[in-house]
Every structure is written in C-alpha cells, then in structure tokens.
Amino acid sequence: MQPRTPSSPTRRFPIGFLIAGILAASLAGCSLLKGKKDGEEKSLASLMEPPTPPELIGQAAAPRGLAPIRISGVGLVNSLAGTGGPADPSPYRDQLVDEMRRNDIKDAFAILEQDDNALVRVMGTIPAGAKRGDPIDLVIESPLDANAETLHGGWLLETRLRQQKILGGRVRQGGLMAMGMGAVLPRSAFESGDDPRLATQGFVLGGGTVQESRQMGFVIRPEYQHVKVAAQIAAAINRRFFFFDGTTRRGVAKAVEDDYVEVEVHPRYEDSLGRYVSVLRSIVIDTSVSEQQTRLRTLASELADPATAAEAALQLEAIGESAIPTLIAGAKNANPELVFYAAESLAYLDRHESIEPLVRVIQTDPAFRYPAFKALEGAEHPGVVDSLKQLFDQESIETRYGAFNVMRQRRESGGMMSSKKIGKTCMFYRVASAAAPAIAISTRETPEVVVFGDCGSLRIDGAILGPLGLIVKPNPANPQQLRVSRFQVGEPDRRQIADATVAGLLEGIAAVGGDYADMVSVLRTAKSDGAIAEQLAIDPLPKPLRTYYRNEGSEESEGE
C-alpha cells in the first residue's frame, strides 16, 4: 500500500455544507415541478375556455346537407304497343336481371326479349330537406342497346333507386333511397324536333317516392368549435323557431357535437328551404333586449338603402315578431324594390300587410314574381286567396298560372276553380278569367291541364293524327262534337263521340285508352294545325333568378 503524498491530497467537505446543498437542490426541483404543473393547468384552462362567437350564425357556421342527391336505377317499361325491343347484353341489363331475380321474377331473360317491354335507366334528384314519402319527378331514357323505338304509352314498373357509381367496370350501389313507378311522358309528346331520342327519353311526373328523410344542419368553423358555442347557436335558433308538441314547446335545433348543430325544417319554410337557411344564417347568436333595440334602428336605416335592403330584411325576419313594425314601415316606401324586400319578410312572418304589396309586384315586375309567389304560397292568412284571385284577370299566362299553382294547394280556394280527373292520371281545371282565354300544360310534378277563361270550340279541318293510331275528326252529324278513334294492331278498334271542347277532347282520348302523353301530344298538334285558337303554354311558371335593373325596370321574360 503506497503512502499518501502531498501532491494527491484528500478533499473533505463539512457535513453542514453538504446538507445545505441537498436542501437547496430539493427546493429547486420542487420549484421546477410546480412551475410545469401550473403551466399545464393554464393550458388546460385555455382549452376549456369557449371562444367568443361572432355576431351572426352565418359567421360562425356553414350549412350542411343542402346539396341535391342524384339517384338512379335500371327499370322496365311495359305496356308498349310493340315499340320496345330485346335489350342487348350490357351492365344495365345485368343489373336489371339481378333486380328481377331478387324479387323472385322468373324468366327474366324472356321478359327482356319481348317487344312490348323496354329497358330504361331511371334517374331522380332528392332535394335538400326532403322527407320520407315526398314525391319527386323521374327522368328516364332507354339506352341505344335496349333497341326501343318509343316509350309512348308505357308504364314504368316498380324500380329501386340508389346512389350509384361505376368503378372498375362494375356498378357500385348505395342504400335504397327512393322507389319509382308510373306513366311515362316522352319528350316527343311536348317537344318538337327530328331527333329520334325524343321518343325514348321522358319523365314520370311525381313517380318517385323518397324512402329516407334528409337531415340538415350547421358545421361550426374550426376557430369556434366548442361545446358551449354549439349550445349557444342551437339556443339562438330555438328562440326563433320551434314546434308545439301538444302543450310542450320544442326547438328545431339540437347541438349534436361541438362542431355540428342539427336543424329540422320549420313547416313555414318547407317549400322555401333556401330562404330558411338564409334566415338561420342571419340570426344573432347572443343578444340582449337593449342591444336588439339598437340593432332594429340600424336595420331600419339599412332597409331604406337599395344596396343593403335585401340583407337587412333577412336579418329583420330572423329577429321575428319584434321586427314586424320596422318591416311594415319599410313596406310603405316609395321604392318598389325596397317594398318587395320588406313585404317578402312580412309574408314569411304571416302578416297580412305583405299581401297587397306582393300581389302588386307580381303584376308589375317579373324579376320579383317567383320569390313573391313563393312567399305567398305558405302564408296562412285567408286574404291570400282573395288577393290572388284578381291575378287570373292578368294578360300574362305566367302570372295566371303562377297564381293557380299557389291557390291549387289551398283548401279555401275550392270554390274559385272547377276540377275533375280525366283518365287515370290527368287533372283538368277550369279557372274563370276576364283576360284572353289560354291553356296551360304541366310537364312537372303532376299531370294537369288548366283552361283560363272560356275557350271556344275546336275547329278541326280534316283530321288530327295522334300517336299510336289515335285519330280525331269532326263529327259529320253534329259540328259541336268530335269523333275520337284509336286503331292498333292486335287490339280492338275503339271509338268515342266527345264534345268539341278542350275538356271533351281529353275525355274522348281517355275513353279510347289514351293517357296523359296522348292528351299533351294531341293538344300540341291541334294548336299547330290551327284547331285551337287560344294561347297554349307548357309549364308557364315564373322563372327564378331573374335580374332586376334598378334604372331600366326588370328583365321581361314570360317563358311562354
């Protein structure tokens, strides 16, 4: 063992100094840990703190569920007079065979070979806010490889409609969304042209039935996503829109997640979903009574400015009953544009003060005609019917048919128009009118023919040749009557004597087995041949999204 030398001394520390160092280190460590814990608590608290929402719902959230859903399927049209054809092999044929087998239909291939059947593609659109059981129009077309000549006189058998996509050469399907069935209205019945495809394309009016209700709501923007903000938005909506379930008040909105608020469609806006969403976006999220009074004064001044009046009217409508005096004052403005914006909002608030200005703007300005009719359509005040009745005396067929379209859906208008069903599907209406007589034909939603005023007798020189062996001639024994006949191969001849009026002609066509497509086709031919002197218009409804020119009047387009 080597002795220690002075060059390698042993270093010693006093015990008190050592203890003091340990205590200092311990205290320092506790201080660091405490600082880290405090930071985490502050960070957690900041995450839990709800963000301050903006003024309006539209600034904090965006609507979801407003895009239309395209659906399609493959179906079979039968009852054709030998104008169908055997379908060639194709993915659509394979799909139809699979559908038929799933429904226990035997001899699927044999059925597709018959010339009184035709394979068709069926397409439809389910609009936003649609409910289970709602009807929709269907578009159909027979592909070239289906070898059909015409779909006139056909009936679409029950067809399942889904969202579909073709991936990898195969059709991928979603869940069942609608069922389709009904009489076919080919384009050739109401469109002129030499294109043979007009006969193999067409519509089934109101033939689709929605199987699943659509939901809508608002997605909260990322910077405002918080459970409390979602609850605030739902509460703001429910203050304005609610239902009464018996004696219980229930709001239309429900905060489902911290980033989503589900909203039901209020009954007043069922046919005006776009308006409903605009009003929802204009609702103030958090307000007090004193703030609302200040807001009303501001909106009153904005309602008097053409540049801000439309948006101000929406925000006043979003406030509800408290804004009615402001809107009534706005409806008395000398500027017709400003009057319209105020009256439109009053109509959605079911105020009778809206009726007279909206009827006046329908008469004078086509640019506001469509939204004015929409606003009056669901108004509950009984004065709507009496006011719209005067529009039947307007020369514009668009104005008359627009008024009819609103009044047809109201129970209190029954005594102002006569109606009867002709054949299996066609509704015939006669409406009193002091203006020149006119006839309107529908190719959307429902098969109907509307006669305004007193149309004279049909004056047929020779004969009118309709589709599939249909012939209309004057009755030699009585000039006030018609002879309607149909001659088809393999079918017994059918003949009917009918009055020489529009209603008589339609009844005669139905009596020989004709359908709505036959009626539309014969009416158009009669008009082109000069047998009908009165105006004949197809779907003469007001058009949306017209342009209003403040200095030069509005765009005049009757769509006739």
Side-chain angles (χ1 to χ4, degrees), residues 71-124 136-162 164 166 171 173 178-191 193-209 423-425 443 447 466-470 486 488-491 513-521:
I71 54 175
S72 60
V74 180
L76 189 70
V77 171
N78 70 353
S79 302
L80 298 173
T83 59
D88 296 336
S90 69
Y92 295 122
R93 174 177 161 142
D94 294 341
Q95 183 181 346
L96 181 56
V97 169
D98 290 342
E99 289 278 359
M100 295 170 74
R101 286 174 174 171
R102 277 196 291 268
N103 288 278
D104 298 325
I105 297 176
K106 299 179 179 180
D107 302 325
F109 290 107
I111 292 174
L112 292 177
E113 291 295 317
Q114 298 175 8
D115 61 5
D116 56 353
N117 297 331
L119 179 149
V120 292
R121 292 186 62 211
V122 185
M123 295 150 284
I136 57 173
D137 288 346
L138 301 178
V139 179
I140 65 172
E141 65 172 4
S142 185
L144 292 175
D145 52 20
N147 301 309
E149 180 182 343
T150 177
L151 299 178
H152 198 108
W155 179 273
L156 175 68
L157 297 177
E158 190 174 68
T159 305
R160 288 168 169 77
L161 303 171
R162 305 175 174 88
Q164 299 190 19
I166 298 180
V171 178
Q173 299 181 345
M179 298 293 294
M181 182 174 63
V184 177
L185 176 64
R187 292 176 58 196
S188 57
F190 59 90
E191 290 187 36
D194 298 327
D195 186 355
R197 298 293 294 157
L198 294 177
T200 56
Q201 298 173 346
F203 303 93
V204 180
L205 305 186
T209 303
K424 295 181 179 179
T425 59
T443 64
L468 305 178
L470 186 62
R486 170 157 268 174
Q488 289 180 294
V489 177
E491 297 286 341
D515 61 5
Y516 184 63
D518 292 319
M519 298 175 189
V520 173
S521 180

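For the single chain, residues carry numbers from 1 onward in sequence order.
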*Take Arg160 and Asn103 through the side chain to side chain contact (heavy atoms under 4.5 Å, CB included) test and state the conclusion after the steps.*
CA-CA 11 Å; Arg160 288 168 169 77; Asn103 288 278; 3.3 Å; yes
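- At a threshold of 4.5 Å between non-hydrogen side-chain atoms, the residues Phe109 and Met100 do not count as touching.
- Salt bridge Asp518/Arg486: present, at least one basic N to carboxylate O contact under 4.0 Å.
- At least one donor-acceptor pair under 3.5 Å links the side chain of Thr83 to the backbone N or O of Thr150.
- Looking at every heavy atom in both residues, Met123 comes nearest to Ser72 through CG-CB, 4.0 Å.
- The shortest non-hydrogen separation linking Trp155 to Val184 is N-CG2, 4.3 Å.
- In this structure, Arg121 contributes its side chain and Val139 its backbone to no donor-acceptor pair below 3.5 Å.
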*Verdict with reasoning, Phe190 to Leu185, per side chain to side chain contact (heavy atoms under 4.5 Å, CB included)*: CA-CA 9 Å; Phe190 59 90; Leu185 176 64; 4.0 Å; yes
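- The nearest pair of heavy atoms linking Ala517 to Ala189 is O-CB, 3.7 Å.
- Rounding to the nearest 0.5 angstrom, the gap separating the CD1 atom in Ile111 from the CG atom in Asn78 is 9.5 Å.
- Summarising the geometry of Gly153 relative to Asp515, their closest heavy-atom pair is CA-OD2, 3.6 Å, with the distance given to 0.1 Å.
- Residues Pro86 and Asn147 approach most closely at O-ND2, 2.8 Å, considering heavy atoms.
- When all heavy atoms of Ala199 and Pro186 are compared, the pair lying nearest together is O-CB, 4.1 Å.
- In this structure, Thr159 contributes its side chain and Leu157 its backbone to a donor-acceptor pair below 3.5 Å.
- Residues Leu112 and Leu76 have side chains in contact (heavy-atom distance under 4.5 Å, counting atoms from C-beta outward).
- Between Ile136 and Ile71, the closest side-chain pair of non-hydrogen atoms falls below 4.5 Å.
- In this structure, Asp137 and Phe203 have side chains that are not in contact, with every pair of non-hydrogen atoms separated by 4.5 Å or more.
- Here the side chains of Leu161 and Leu138 are in contact, with some heavy-atom distance below 4.5 Å.
- The salt bridge (charged side-chain N to carboxylate O under 4.0 Å, His left out) search around Arg162 returns Glu99, not counting sequence neighbours.
- Residues Thr443 and Glu191 are not in side-chain contact: their nearest non-hydrogen atoms beyond the backbone lie 4.5 Å or more apart.
- Inter-residue side-chain proximity for Leu96 and Tyr92 is flagged as unmet; no heavy-atom pair is nearer than 4.5 Å.
- Pairs engaging residues 104-115 under the side-chain hydrogen bond (donor to acceptor under 3.5 Å, both in side chains) rule: Gln114-Asn117 [sequence neighbours left out].
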